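Proteins come first, then strands; the chains are lettered A, B, ... in the order of their sequence lines, and each starts at number 1. Since this is a predicted model, take the numbers as computed values, not measurements. Atom set for the values below is all heavy atoms of this structure, side chains included, hydrogens, waters and symmetry mates excluded.
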Amino acid sequence: MKKYTLKKSFAAEIGKYTIDYKAELNQQQFKAVTNIHGPQLVIAGAGSGKTRTLIFRVAFLVENNINPGSILLLTFTRKSAQEMMRRASFILDERCSKVAGGTFHSFANYMLRKYAPMVQYHPNFSIVDRGDAEDIINSIRAELALNKKERRFPRKTTIMNIISKSTNKCIPVEDVLIDDYPHFEEELDDVLKISNLYRKYKRQKQVMDYDDLLVNLGNLLKENEQVREKISDTYRYIMVDEYQDTNKLQAEIAALLACKHSNIMVVGDDSQSIYSFRGANFRNIMDFPSMFPDTTITTLEQNYRSTRPILELTNAIIENAREKYSKKLFSDIAGQEKPAYLKTIDETEQAEFIGQRVLELREEGVPLNKIAVLFRASWHANELEVELKNRNIPYVKYGGLKFAEAAHIKDVLSFMRVLNNPFDDIAWLRSLTLLEGIGPSYANKIVAEILKKSEDFSGLIAPQFAKKKFFADLQKLYKLLSSLKDPTLKPADQLEKVIIYYTPMFELLYDDYRRRTGDLDSLLRIAQRYKTLEEMLTDVVLEPPDMSQVGVESTNKDDEKLVLSTIHSAKGLEWHSVFIIHLVEGYFPSARSAEREENMEEERRLFYVAATRAQRNLYLVTPEIEPRSWGYHDDFSGYMFAEPCRFLTEIENFNELTEPWALEIEKEDPF
DNA sequence: TAGTGAGAGGTTTTT
DNA sequence: CCTCTCACTA
């Protein structure tokens, strides 16, 4: 007979756990992991095992027989939440994947789908992305006839920025406008008017923008005691990652969620706060203990990522920050190579250097996907991309244009959106203007008819349009949409029909349609993952699939690719070798940040984030001649002599901390 | 009123 | 450089 012992589910002593936490973690990490009650703040320096700590804490909670569904892990991207849950499952077991996790936005979405009526919304509200929100603003502006004015009136993007900043920082629109855009002070009344109409519009049309998700979740929690307590009871163990990048609103939500138990752990690094343009405030992390008076504070200072020479440089970078920090990272990883610093003649030579060096590194045994090139803004990599293509070096690029923001994708999705929410008139407008002979003006008239009879789409074929040239097209669209209402159809089936319908206009509309067809196929593949249309549309906005995800068909072994990434998208990641390019005033720090000191402080933190991504090799590159960028008046044939990035020159012993590399051009043999 | 073409202006980072 | 706007034409 075989003996089989059922394990006792509650392990009272450390020795009884499946995982030997003491051996796996250092003292501070251990403390953070095993202290499971009460508020906790973990200040985790770059590479100090922050993610590891969170993962082990999830495992520890689960091993203590805590229902995974009562653990909430709020992270910066959903990808990182999933990755953490995957790793936790790996060190323990499947239970860890049942943890609730995601971004503040996706969590808000999840909650609001349940409780929408309590904040006066339909549960099937639509979420609009930034572009759509701006279009709404624009149409309101047009309605108020503010676009025809003699004086300069802020653009839709600017107006949206003002409104968004005001919500995220919880300060009035007036203050934002006067603080950040004093030159528009005269337009304050009209901006306020637009802002109010925008709010009304969204409610009427059952639409939320990114900020509304947070606002409405906040309101739900604030105004309904029972709901608040119920939710707080459900999520008894809350963890928030990257807390330095949360804004006021998110901090409030986190506190409300913990109202019943104060079991909340926040993790972050004030030196790595890089999202203030989105309303994030790194002081949140400092204020946490005052929000929860008995907070336990743990600081993780040992760096497990980078070699000592790299860490010495990164410490020196952050040393110059205006606000002084209490931690200083150290590393046990020896390394003889200092970070390399080199100047190239121009952008072309910079790209050549990287192309060549990347290939050498690969020869030395570093896989391509362990190498990254980081830059301040997406377009900084353009020239490099050309070089990589010439050399046949495969790469993926993160950051910059989103798949879901491409015009043809938005076109297709607009048909899907009206299926999901017939009040979504931005989507109606977009789809209708795709038809020949229909511009904004007729589109609006048709939308008005549709909204009158929102149960079906018969407004599309209202008799007053019968004599118009485009009536046949409307009938065709009506037939299509009506047939797609069939509840047995899955999103992918619906999408397929929409794409077939859309293809003729698509080919007419875009000269380069051949290049774009691939994207439609990708979208179709993505759609197959979803059971409901609403889920799919929400995901496309909240978690925009990036190009790399789209290229899933090439999941074989040799799809090792060099990583190109904006620094913002590189947050939380690490690579064996890292190149930081365009270390030139005006590029990095960006010219836009020069106006305000606090922006410059953030640029420095951004540079710190970039440099701390490197494990073994760090290459800093400054091209000496750059294409003229905005803000520089160097009428020298479009080029300027570049000033090296101030975050390098301000370091006193820079020359000792780095190894200068001098580029030599190979001499061609004349014979 | 739709569709087109020229000119100007503003250029980051992302849920 | 790329997008948005405005004015013109059909």
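Across the interface with DNA chain B, nearest-nucleotide mapping of A/Gly439 and A/Asn161 shows A/Gly439 to be the residue nearer the 5′ end. Nearest-nucleotide assignment on DNA chain B puts the 5′-proximal partner with A/Glu436, out of A/Glu603 and A/Glu436.
Across the protein-nucleic acid pair, A/Leu214 atom CG and B/dT14 atom P stand 18 Å apart, rounded to whole Å. The CG atom of A/Leu434 sits 10 Å away from the P atom of B/dG3 (whole-angstrom rounding). Whole-Å rounding puts the A/Lys248 NZ to B/dT15 P distance at 24 Å. Going from atom CG of A/Leu432 over to atom P of B/dT1 covers 16 Å, rounded to whole Å. For A/Tyr181 and B/dG10, the OH to P distance is 12 Å, given to the nearest whole Å. Between the CD1 atom of A/Ile163 and the P atom of B/dT15 there is a distance of 21 Å, rounded to whole Å. Between A/Trp379 atom CH2 and B/dG10 atom C1' the separation is 13 Å, expressed in whole Å. Computed from coordinates, the A/His568 NE2 to B/dT13 P distance equals 9 Å when rounded to whole Å.
In this structure, A/Phe277 has its ring center under 6.0 Å from that of A/His568.
Across all strands shown, A/Ile438 has heavy atoms under 4.0 Å from sugar-phosphate atoms exclusively, and none from any base. No engagement by A/Lys468 is indicated, since no non-hydrogen atom pair under 4.0 Å with the nucleic acid exists. Within 4.0 Å of A/Phe104, counting heavy atoms only, lies no atom of the nucleic acid at all.
Other residues, nucleotides and ligands contribute only 12 or fewer heavy atoms inside 6.0 Å of the CD atom of A/Glu436.
With A/Asp132 as reference, A/Lys410 is the one residue of A/Lys156, A/Lys202, A/Lys410 to meet the salt bridge (charged side-chain N to carboxylate O under 4.0 Å, His left out) rule. A side chain to side chain contact (heavy atoms under 4.5 Å, CB included) with A/Asn216 is found for exactly one of A/Asn109, A/Asp211, A/Leu112, namely A/Leu112.
The closest side-chain donor-acceptor pair between A/Tyr198 and A/Asp209 falls under 3.5 angstrom.
Nearest to the side chain of A/Arg141, among B/dT12, C/dT5, B/dT15, sits C/dT5. Comparing B/dA2, C/dT5, B/dT13 by their nearest atom to the side chain of A/Asn138 picks out C/dT5. Considering only side-chain atoms of A/Arg155, the nucleotide from B/dT15, B/dG10, B/dT1 that sits closest is B/dG10. Among the nucleotides B/dA2, B/dT15, C/dC4, the one closest to the side chain of A/Ser441 is B/dA2. Between B/dT1, B/dT13, B/dT15, one nucleotide has an atom nearer to the side chain of A/Thr103 than all others, and that is B/dT15. Here the nucleotide nearest the side chain of A/Tyr275, chosen from B/dT15, B/dT14, B/dT1, is B/dT14.
The base of B/dT13 is paired with the side chain of A/Arg376 by a donor and an acceptor separated by under 3.5 Å.
The side chain of A/Ser569 contributes an N or O atom lying less than 4.0 Å from OP1 or OP2 of B/dT14. For the OP1/OP2 pair of B/dT12 and a distance below 4.0 Å, the side-chain nitrogens and oxygens of A/Thr566 include no atom meeting the criterion. For the OP1/OP2 pair of B/dT1 and a distance below 4.0 Å, the side-chain nitrogens and oxygens of A/Lys445 include at least one atom meeting the criterion.
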Give the table of side-chain donor-acceptor pairs shorter than 3.5 Å for residues 439-448 of chain A, with sequence neighbours excluded, one pair per line with atom names and distance.
unit_1: A/Tyr442; atom_1: OH; unit_2: A/Lys468; atom_2: NZ; d: 2.5
unit_1: A/Asn444; atom_1: ND2; unit_2: A/Pro440; atom_2: O; d: 3.2

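Here, C/dT5 and B/dT12 have their C1' atoms 23 Å apart, quoted to the whole Å. Taking atom P in both C/dC4 and B/dT13, one finds a spacing of 15 Å when rounded to whole Å.
We find that the ring of A/Phe277 and the base of B/dT13 stack, their centres lying under 5.5 angstrom apart and their planes tilted less than 30°.
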